[in-house]
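In what follows, a single structure is set out as structure tokens and then discussed.
Chain naming here is simple, since letters A, B, ... match the order of the sequence lines and numbering starts at 1 in each. What you see below is based on every heavy atom in this structure, not just the backbone, and it leaves out hydrogens, waters and symmetry mates.
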Protein chains: 2
Amino acid sequence: MVDAGRVIANLEELRALTADESGAQRVAWSPTWLNARAWFEGKLKGISEATGAELEAHYDAAGNHWVTLVGASERALVVGSHLDSVPNGGWLDGCLGVMAGLEVLTHAAEMYAGRPPVTVKLVDWADEEGARFGRSLFGSAAFAGKATVEADRGRTDKDGVTLEAALAGCGVDVERVGEAVREQKNLAAYLELHIEQGPILERLGKSLAVVQGTKGVERWAITFRGQEAHSGSTPMEVRRDALAAAAKLALEIRPIAKKHSQAVATMGSVKTFPGIVTAVVGRCETTLDMRDLDAEVLAQMLREARAASERFAQEEGCTVEWAKIWSIEPIPFSEPLIALAEEAIVETVGTCERLPSGPLHDAAEVARLGIPTVMMFVQSLNGLSHNAAEDTKREHLEQAVEAFVRLSEKTMEWIARS
Amino acid sequence: MVDAGRVIANLEELRALTADESGAQRVAWSPTWLNARAWFEGKLKGISEATGAELEAHYDAAGNHWVTLVGASERALVVGSHLDSVPNGGWLDGCLGVMAGLEVLTHAAEMYAGRPPVTVKLVDWADEEGARFGRSLFGSAAFAGKATVEADRGRTDKDGVTLEAALAGCGVDVERVGEAVREQKNLAAYLELHIEQGPILERLGKSLAVVQGTKGVERWAITFRGQEAHSGSTPMEVRRDALAAAAKLALEIRPIAKKHSQAVATMGSVKTFPGIVTAVVGRCETTLDMRDLDAEVLAQMLREARAASERFAQEEGCTVEWAKIWSIEPIPFSEPLIALAEEAIVETVGTCERLPSGPLHDAAEVARLGIPTVMMFVQSLNGLSHNAAEDTKREHLEQAVEAFVRLSEKTMEWIARS
């Protein structure tokens with residue numbers, strides 16, 4: 001029997017164990033994160049004792065935690081998310097998916113007397129947030145064969161501790177993280193439940209959505225160069241104000257994104273040089289982050305933003321330079337699994353939304369491998385996440401767990417027959 | 001006989017003594033500045049010897065250097081400027097006025113056989129730039145009775161050295177700087193020659209201008225507050241983007257200033273918070289600097305900018321807060337002296353421009369006291385100042401010295417007859 005109350009009770013227990021008045025402190029590779037994982041191991045033991053099911057558990061070479069309930073078929077359904085949080089994070093981001101996954105595992109053990117038709121695995125990915133070393137999706141990327149050992153070797157946290165040393169303290173050898181690819185074997189589907197972390201479902205008055213995929217991201221550093229000049233002695237008409245060109249772009253990216261229903265474009269950082277009250281800005285460094293689920297749309301937005309920046313630079317007597325920070329293509333989720341998730345949600349709450357995910361998730365790394373993948377979103381209150389105010393109505397959490405377990409049943413059947 | 005070549009030779013000698021490959025290093029209260037002043041004392045000795053004139057010289061309580069050639073009348077013409085520079089400064093800013101003043105003194109000693117009709121004083125103001133402690137017009141403000149001992153006591157440079165200690169190292173007692181007001185006695189007129197530090201004369205193809213006064217300045221910190229949000233999960237239409245409101249203001253201050261022929265408005269600094277590529281800007285801190293010679297115009301610009309900022313904040317779902325950094329009223333120069341300066345310039349180069357000064361100068365502190373004051377500007381190349389590229393054509397420097405000495409003669413006559 002599905003017990004959503006048990007999931008919520010676990011989340012509350014974990015919060016009491018790992019949060020302070022500023023929020024969750026389960027930053028990956030920290031003592032608090034290790035405490036959370038030890039607590040979770042205790043939960044697994046409890047399930048084995050209660051259901052009599054044999055659960056195999058181990059940490060892979062990248063620090064991902066895998067729990068396996070062997071089924072009639074070796075082909076495996078994987079459910080999971082991550083226990084790590086940002087500093088001063090929320091109680092649901094990541095943990096909801098792991099605790100709902102635990103409920104899937106428990107339910108499968110109970111329903112099939114310890115031996116489901118297909119193998120069921122639960123994964124707690126290591127360092128999804130990248131909060132300490134700036135490398136998000138650390139564990140799932142390693143699993144997907146995208147380990148970046150060369151780059152990781154140089155990473156340090158704000159206190160100068162190397163990533164290598166922090167990993168070693170958790171029993172992970174940075175040279176061997178690539179071996180996590182071994183876990184890919186026999187995986188037939190991946191499901192992840194997550195809070196939306198945005199305001200859309202709340203505005204629509206809906207509790208649940210199936211996620212169509214993760215949006216592609218184009219992330220650029222854009223620098224405008226004009227001429228630093230004295231604010232008192234330089235007439236308006238001869239200025240070459242780098243801030244003016246940047247300000248025009250900050251405003252122009254909005255209509256560029258708004259042409260497309262789910263696209264977003266953000267100028268998140270502006271730095272002015274010399275940046276003093278008495279000087280016209282000679283150099284303005286900005287960042288641009290653009291996202292859409294459609295690769296064509298994203299490419300068009302990028303072209304338009306670049307053309308606009310060049311027009312504005314020219315108008316202001318400036319130059320403009322674009323340097324790529326990072327990009328990722330849109331990653332669509334599996335159509336058959338989207339259909340199953342939609343069924344499960346409709347059966348639970350009578351109606352289902354389809355949303356793309358703006359934030360990236362571990363599910364994106366799994367989907368890139370070609371493993372059929374889908375995610376489910378539950379409403380976030382006030383669109384808030386990554387802070388202590390992150391919350392979701394209890395009723396919606398219950399609906400989410402119910403729909404997610406339903407989806408796991410449908411997916412096990414789908415694996416068994418495909 | 002006026003010898004502009006001597007003025008230029010002195011400037012070159014001082015540059016060789018006090019500049020490195022990055023520019024002039026005569027920062028007030030530094031050893032290099034003290035060297036410049038010692039070199040200047042040597043020049044005074046040379047003039048006494050060459051002309052036979054008796055020159056009385058002393059430093060006042062604020063570190064201003066006064067040199068007096070006693071005339072038939074106690075009523076005094078004062079000429080001067082400052083030897084201190086910003087770090088990596090130019091060879092003309094300030095020094096041109098002091099060296100041209102030295103030429104006025106020499107010329108008066110020669111022309112009137114050591115006893116001109118009125119007393120002639122040369123002043124080298126202490127710390128005009130405020131480069132090290134952030135207090136510009138230090139010496140001239142103290143002279144004008146605007147010493148700010150309470151505020152100055154807390155000032156430190158970037159290495160933590162107190163203003164008080166730096167002053168003490170130069171023989172100036174911070175508690176006594178206010179006593180510099182004694183120097184006001186018998187002053188009948190103040191003249192200062194300075195480089196324009198802007199591009200206007202070069203664009204007009206003119207070498208010299210009479211300065212109508214210094215512009216009033218309104219300097220404000222303006223903070224927009226919206227809502228920090230995830231750049232991936234927050235739809236465009238629900239954002240409360242503090243940067244968007246600030247960007248609109250950065251563009252709007254330009255038409256507000258351009259309505260008035262000589263007004264300027266500058267957003268010199270923009271800071272974004274959290275200021276990361278993946279977050280909509282929740283808080284945007286900006287600075288605004290507005291200047292005009294007309295107090296009414298300046299007040300109107302301030303009203304319009306404030307109203308615009310409130311409109312933009314509302315449009316973007318933000319709030320806006322204004323905090324005053326500093327302001328000063330416009331300071332018009334003396335009409336009779338403006339007329340004399342215009343005569344002197346026309347007699348020298350055949351034509352004369354009238355310009356307001358955007359930057360402040362020591363002359364503003366003198367004028368505020370009601371002492372008749374005027375300045376003369378000579379063209380700057382490329383509008384550059386406060387850096388090693390600061391320069392003026394030799395021909396223009398010669399014209400400037402000639403016109404300035406002519407103005408000093410006219411002013412002595414004006415003092416004598418008024």
Does [X] come within less than 4.0 Å of [Y], counting only side-chain N to carboxylate O?
X	Y	value
A:E315	A:K248	yes
B:R291	B:E218	no
B:E304	B:K259	yes

Is it true that a side-chain atom of [X] and a backbone atom of [Y] form a donor plus acceptor pair closer than 3.5 Å?
X	Y	result
B:Q197	A:H230	no
A:S357	A:P359	yes
B:S136	B:G130	no
B:E285	B:K271	no
A:K215	A:L298	no

Per-residue contact mode, [X] against chain B (heavy atom under 4.5 angstrom):
X	result
A:I200	side chain
A:L288	backbone
A:R254	both
A:A279	backbone
A:E316	side chain
A:Q227	side chain
A:A263	backbone

Heavy-atom pairs under 4.5 Å with chain A are the metric here; pick the option from [options] that has the most.
options	answer
B:P274, B:S269, B:S380	B:S269
B:V281, B:L243, B:T234	B:L243
B:A246, B:A250, B:A244	B:A244
B:S261, B:P235, B:A257	B:P235
B:S385, B:A221, B:G198, B:S233	B:S233

I'd like to know if the side chain of [X] pairs up with that of [Y] as donor and acceptor (distance under 3.5 Å, no hydrogens or angles considered).
X	Y	answer
B:W322	B:S309	yes
B:T272	B:R283	no
B:H386	B:D93	yes

Under a 4.5 Å heavy-atom cutoff, which of [options] has the most pairs with chain B?
options	answer
A:G383, A:P356, A:A265	A:A265
A:V277, A:D289, A:V217	A:V277
A:E228, A:R203, A:E196	A:R203
A:T214, A:T287, A:V270	A:V270
A:R239, A:E237, A:M267	A:R239
A:G358, A:S231, A:C284	A:S231

